[in-house]
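Contents: one structure, followed by commentary.
Numbering of residues begins at 1 and proceeds along the displayed sequence. As the structure is a prediction and not an experimental result, all values here were calculated from the model.
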Amino acid sequence: MANLTEKLLALAGKGYGGYKSLSGAYQFAAYILVFDHIQVDPFAPATTLHLVLPLKKTGLPKQLLATKNRRIAVADFLQRAVAQAIIKSDVPQRGTGHSSEIRIDHCGQEILERTAIIFTKETLEVRLTVGLPANGRRINAKAAAKILLEILPQIVQKSLMYDQLDQRKLQAQVELFEMQQELRQQMQAQGLVAFVANGAVLPRDSGDSDLPLKTGVPFVSPASLAVTFKLSGGKQVTGMGIGQGITLIVGGGYHGKSTLLQALDRGVYNHIQGDGRELVLTDQTAMKIRAEDGRSVANVNITPFINHIPGRRNTAEFSTLNASGSTSQAANVIEALESGAKTLLLDEDTSATNFMIRDTRMQRLVSDDREPITPFVAKVQALAKQVGVSTILVTGGSGAYFEVADRVIMMNEYQPGDVTKRAHEIAALEGPTSLTAAETDFGQLEARIPKKSNFRVVTRKDRFKARSRTEISFGHSNLNLSAVEQLVEPSQTRGITALLAVLKRDYFDEQTTVAEMLHSLYDKIDQQGLDQVLGDKRHAGDLAVPRPQELGAALNRYRGLRMIQRK
Ligand code: ADP
Ligand code: MG
């Protein structure tokens with residue numbers, strides 16, 4: 001400790017590069033501080049460092065850290081506590097560039113597995129960035145000393161010591177997380193793909209906010225779809241259960257259809273207390289599918305939906321740098337199946353109409369042999385029965401799905417009703433439609449294998465960089481993820497960039513299929529944690545573990561992607 005004080009004193013007024021001499025580790029009363037990367041000037045990305053605390057000193061009860069679920073919930077809680085303590089801390093006046101900025105990675109409404117706080121058997125490691133203070137290009141040693149010797153120890157005291165924490169709130173977060181996980185298990189055992197608890201508040205405060213709408217009308221399940229779960233702690237939860245198969249959400253415009261579907265697409269994650277969607281839970285493999293014209297596609301067999309397109313293009317191995325609405329949506333479905341999705345979520349608002357339906361008038365005008373598209377409505381049953389993949393679909397403008405739906409939920413002034421019987425009666429009035437052979441069979445699903453040459457490194461600029469939540473770059477190539485709607489945080493996008501590098505490093509052997517590599521990689525992450533899998537010596541604290549579905553989605557959006565189909 002004396003060591004750091006002396007070093008800082010010696011740096012007073014020197015050129016900014018002098019900070020490099022701080023490199024190393026320093027013993028404090030409650031922790032060891034280690035500098036990972038020291039910035040070269042005040043405008044460069046801030047200095048990264050980590051603090052290692054013996055768990056004993058934190059006083060965190062052992063039972064709170066006994067399982068992986070609990071550790072995820074506790075780490076999330078502590079990360080938010082550190083963020084709060086930073087906001088309340090008495091940071092010296094901002095100087096040049098990033099001077100005096102103290103940061104921990106930001107958490108949104110979801111509880112995710114992240115790298116900002118890591119537990120080992122005996123320690124807690126917290127990873128921060130600090131903008132080392134400057135006046136112009138000169139070191140401001142006084143401010144640096146204040147941050148490193150006073151403020152950081154205070155932040156640790158306030159946010160990582162059990163006796164300073166809101167213990168009831170911490171306990172509640174751990175219990176909520178465990179309850180969410182237990183509910184997910186029970187849902188699976190009962191064959192439910194989604195659950196919305198009574199009392200849940202689904203709408204968000206505004207189009208650009210993820211916070212609950214305070215005046216939101218709480219959700220109440222229709223009696224016919226209500227299920228009650230009995231949980232191990234003696235608690236009971238009742239709400240709407242959505243079973244496997246085909247579920248339709250219908251209703252008038254502005255009655256809350258898309259809001260319900262959005263809550264379901266976020267239901268793959270666990271939310272924090274007070275979010276309103278704590279007990280809105282969806283099959284964790286569920287994938288939102290939408291049209292995405294302009295995206296690139298590499299060697300995807302889209303023949304289940306599209307055949308014989310003009311120019312003799314081969315749709316059994318469809319590749320393009322500029323997909324149309326329907327071909328992009330078809331590719332999105334097939335790729336979702338490849339990355340393990342067992343439930344698909346679709347909203348007419350973001351779908352290509354000709355991919356979804358084809359009515360009799362249009363069939364008369366454009367004969368079947370001139371229409372390359374077999375619409376989703378003709379395949380959705382084969383998808384459920386043959387492939388074992390359920391669909392939840394919002395539609396307000398077309399009754400075409402009535403007869404194939406296992407259940408029809410009507411939203412009326414934000415409240416769901418069960419109109420399955422009525423919808424089936426209406427469909428029956430028109431008599432049964434018979435499916436052709438091409439429709440009762442979903443069609444072939446081909447395995448794809450990435451070529452070794454993907455993400456070729458030629459210059460030093462050829463590396464992965466997460467530019468924002470929705471954009472990754474590799475050299476001159478951009479991976480645009482703005483249509484990957486279940487990507488909720490930039491930390492996940494950074495996690496994706498790190499894992500793409502691992503895929504390239506460990507799995508692109510021209511033998512392993514995309515499905516196999518995702519399986520194997522996530523088994524490893526599950527057992528060893530993201531940190532270990534990355535082999536990260538820089539202690540990156542700004543990553544979250546993405547789902548395999550989003551990692552696959554990112555890979556598929558690389559415009560230089562080269563794939564081989566396994567025959
Ligand atoms: P639809 O898809 O049926 O046209 P939306 O889901 O887009 O309708 O919802 C329309 C509006 O109603 C949105 O502004 C949304 O935030 C709001 N809304 C949805 N559900 C609720 C609710 N339960 N309580 C209050 N407002 C809601
Ligand atoms: Mg809508």
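- The main-chain N or O of Ala316 is found under 3.5 Å from a side-chain atom of Gln565 such that the two form a donor-acceptor pair.
- A distance-only check finds no donor-acceptor pair linking the side chain of Asp76 to the backbone of Gln79 [under 3.5 Å].
- Residues Glu471 and Leu481 have side chains not in contact (no heavy-atom distance under 4.5 Å, counting atoms from C-beta outward).
- Under the 30°/60° scheme for interplanar angles, the aromatic rings of Tyr401 and Phe376 are found to be tilted.
- A salt bridge links Arg266 with Glu110: the distance from a Lys NZ or Arg NE/NH1/NH2 to an Asp or Glu carboxylate oxygen falls below 4.0 Å.
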- [ ] Go through Phe229 and Phe195 one step at a time and tell me if the ring pair (Phe, Tyr, Trp, His ring centres under 6.0 Å) criterion holds.
- [x] CA-CA 10 Å; Phe229 291 106; Phe195 174 74; 5.0 Å; yes
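- When each of Val300, Ile302, Leu555, Val514 is checked for a side chain to side chain contact (heavy atoms under 4.5 Å, CB included) with Glu335, only Val300 meets the rule.
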TODO: Report the C-alpha separation of Ser491 and Asp542 in whole Å, then their side-chain angles, then the decisive distance to 0.1 Å, and conclude whether the side chain to side chain contact (heavy atoms under 4.5 Å, CB included) test is met.
DONE: CA-CA 6 Å; Ser491 324; Asp542 59 353; 5.8 Å; no
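- Counting only heavy atoms from C-beta outward, the side chains of Met240 and Ile409 approach each other to under 4.5 Å.
- Without hydrogens or angle criteria, Asn454 side chain to Lys451 main chain gives a donor-acceptor distance under 3.5 Å.
- Asn270 has its side chain within reach of Arg184: a pair of non-hydrogen atoms, C-beta onward, lies under 4.5 Å apart.
- For the pair Pro304/Ile334, a side-chain contact is recorded, criterion being any heavy-atom separation below 4.5 Å from C-beta on.
- In this structure a side-chain-to-backbone donor-acceptor pair under 3.5 Å is present from Lys257 to Gly252.
- The main-chain N or O of Met517 is never found under 3.5 Å from a side-chain atom of Ser520 such that the two would form a donor-acceptor pair.
- Side-chain atoms of Asp526 never come within 3.5 Å of backbone atoms of Tyr522 as a donor-acceptor pair (strictly under, hydrogens ignored).
- Here the rule is side chain to side chain contact (heavy atoms under 4.5 Å, CB included) with Ser390, and of Val193, Thr247, Asp406, Leu345 only Val193 fits it.
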TODO: Tell me, with the steps shown, if Arg566 and Glu446 meet salt bridge (charged side-chain N to carboxylate O under 4.0 Å, His left out).
DONE: CA-CA 7 Å; Arg566 187 164 72 189; Glu446 241 83 49; over 6 Å; no
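- Across all their heavy atoms, Ala498 and Leu534 have their closest contact at CB-CD2, 3.7 Å.
- Distance alone, capped at 3.5 Å, is enough to place a donor-acceptor pair between the Thr285 side chain and the Lys342 backbone.
- Judged purely by atom type and a 3.5 angstrom limit, Arg557 has no side-chain atom pairing as donor or acceptor with the backbone of Val484.
- Tested against Glu489, the residues Arg494, Arg114, Arg469 include a single salt bridge (Lys or Arg N to Asp or Glu O under 4.0 Å) partner, Arg114.
- Salt-bridge check for Glu510 with Lys452: failed, with every basic side-chain N at 4.0 Å or more from each acidic carboxylate O.
- In summary, of the residues considered (Val419, Thr420, Val377, Leu248), a side chain to side chain contact (heavy atoms under 4.5 Å, CB included) with Phe402 occurs for Leu248 alone.
- A ring-centre distance under 6.0 Å is not found for Phe318 and Phe305.
- For the side chain to side chain contact (heavy atoms under 4.5 Å, CB included) with Val380, the lone residue among Leu344, Val389, Val404 that qualifies is Val404.
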Task: Asp359/Arg361 under salt bridge (charged side-chain N to carboxylate O under 4.0 Å, His left out): CA gap, chis, key distance, verdict - done: CA-CA 6 Å; Asp359 70 11; Arg361 280 189 188 168; over 6 Å; no
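- Inter-residue side-chain proximity for Arg370 and Ser367 is flagged as met; some heavy-atom pair is nearer than 4.5 Å.
- Taking the charged nitrogens against the carboxylate oxygens, Arg277 and Asp210 do have a contact shorter than 4.0 Å, which makes a salt bridge.
- A salt bridge does not link Arg290 to Asp265: none of the charged side-chain nitrogens sits closer than 4.0 Å to a carboxylate oxygen.
- The backbone N or O of Ala447 sits nowhere less than 3.5 Å from a side-chain atom of Glu338 that would complete a donor-acceptor pair.
- For Phe464 and Phe455, the distance between ring centers is under 6.0 angstrom.
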